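Below is one structure, written out as structure tokens; comments come after it.
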There are 2 protein chains.
Amino acid sequence: MVLDVVKNSMDHPTTDMIYTRVSEILPNISMGTVYRNLAQLVAANEIMQIGMPSGADRYDWRIESHAHFVCTDCNTVIDIANINIDDIKRINPGVKDCDIDTVNLVAYGKCPKCKQAKA
Amino acid sequence: MVLDVVKNSMDHPTTDMIYTRVSEILPNISMGTVYRNLAQLVAANEIMQIGMPSGADRYDWRIESHAHFVCTDCNTVIDIANINIDDIKRINPGVKDCDIDTVNLVAYGKCPKCKQAKA
DNA sequence: GTATCTGCAAAGAATTTGCAATCCT
DNA sequence: AGGATTGCAAATTCTTTGCAGATAC
């Protein structure tokens with residue numbers, strides 16, 4: 001059920017949002033269960049966890065390595081291509097000999113809608 | 001004093017580490033004060049805050065935009081060059097029209113020392 | 001029937017805040 | 001005196017966990 005909700009959510013939901021949505025069908029579910037199921041699904045590589053430098057983590061049904069843009073006005077999250085690990089190594093001799101496993105990239109700014117709303 | 005500690009710390013300290021170091025000279029300082037001073041210094045662009053997707057934020061005296069590598073074994077933080085915003089836009093037509101203000105990039109993996117320690 | 005999963009509530013980590021007391025000028 | 005800064009403790013936010021009861025095979 002938790003997996004279903006994530007797979008059908010296009011808005012990179014937070015745990016809270018997932019909890020609310022699952023609650024509509026399973027009214028007695030608890031936050032603990034949502035967290036536990038999300039952790040399992042992430043471990044099983046069924047969904048991706050997006051660690052946010054500030055605020056609650058979000059979840060994504062797209063599991064291929066990718067990054068995100070977050071609008072600082074409306075909080076919309078847009079998927080973007082991740083940076084290539086070889087590119088990082090190429091421009092950073094200091095980490096040339098490191099084993100880089102994952103890259104967490106979050107870009108912040110204003111989406112086109114909020115950009116023009118301000119103007 | 002807080003600024004001094006950050007400027008003299010080469011290890012990208014967390015608030016806790018900064019608190020401990022300042023405490024050695026000002027034993028009565030409180031966490032609240034450390035947080036408030038750090039927030040002020042970040043706002044004044046005197047230091048940089050490194051938002052970590054999980055765990056406590058870290059602080060850096062290098063204020064030019066840059067990214068970080070974190071060793072998942074020993075927690076060492078290594079400065080790396082940040083990705084260019086134009087590069088992100090070039091490979092991501094979906095965010096071409098977004099105003100990107102900041103890019104938070106954290107790479108995780110094993111540093112050379114921990115890599116060979118394991119082997 | 002035993003291993004797993006759940007709800008609940010409490011604990012935990014990281015950070016923020018209200019407020020009275022203190023400091024500086 | 002008057003405004004800014006502090007220490008302290010409580011509050012917030014997000015997440016994890018212990019445990020007794022419910023579920024699943």
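Computed from a predicted model, the values in this text were never measured in an experiment.
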field: B:Tyr59: partners by side chain to side chain donor-acceptor pair (under 3.5 Å), with sequence neighbours left out
entry: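 Scan of B:Tyr59 (side chain to side chain donor-acceptor pair (under 3.5 Å), adjacent residues dropped) gives B:Gln49.
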field: side chain to side chain donor-acceptor pair (under 3.5 Å) partners for A:Thr14, two or more places apart
entry: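 Here no residue qualifies.
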What is the distance, to the nearest angstrom, from the [atom1] atom on [X] to the [atom2] atom on [N]?
X	N	atom1	atom2	answer
B:Asp57	D:dT13	CG	P	17 Å
B:Asp16	C:dG12	CG	C1'	14 Å
A:Ile29	C:dA9	CD1	C1'	17 Å
A:Arg58	D:dT15	CZ	C1'	16 Å
B:Asn28	D:dA9	CG	P	12 Å
B:Met1	C:dC23	CE	P	18 Å
B:Asn37	D:dG7	CG	C1'	13 Å
B:Met52	C:dA13	CE	C1'	16 Å

- prompt: Just checking B:Thr15: base, sugar-phosphate only, or nothing, at a heavy-atom cut-off of under 4.0 Å?
  reply: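 B:Thr15: backbone/sugar contact only, no base atoms under 4.0 Å.
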To the nearest 0.5 Å, tell me how far [X] [atom1] sits from [Y] [atom2].
X	Y	atom1	atom2	value
B:Asn104	A:His68	CG	NE2	13.5 Å
A:Asp79	A:Asp60	CG	CG	5.0 Å
B:Asp73	B:Lys115	CG	NZ	12.5 Å

Polar atoms only, N or O, under 3.5 Å: list the protein pairs with nucleotides 16-25 of chain D and their distances.
residue : atom : partner : partner atom : Å
D:dG18  : O6   : A:Arg36 : NH1          : 3.3

field: Pair B:Lys89-B:Asp86, salt bridge (Lys or Arg N to Asp or Glu O under 4.0 Å): steps then yes or no
entry: CA-CA 5 Å; B:Lys89 292 196 175 185; B:Asp86 292 332; 5.9 Å; no
- prompt: Choosing from C:dT15, C:dG7, D:dC8, which nucleotide comes nearest the side chain of B:Ser30?
  reply: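 Nearest nucleotide to the side chain: D:dC8.
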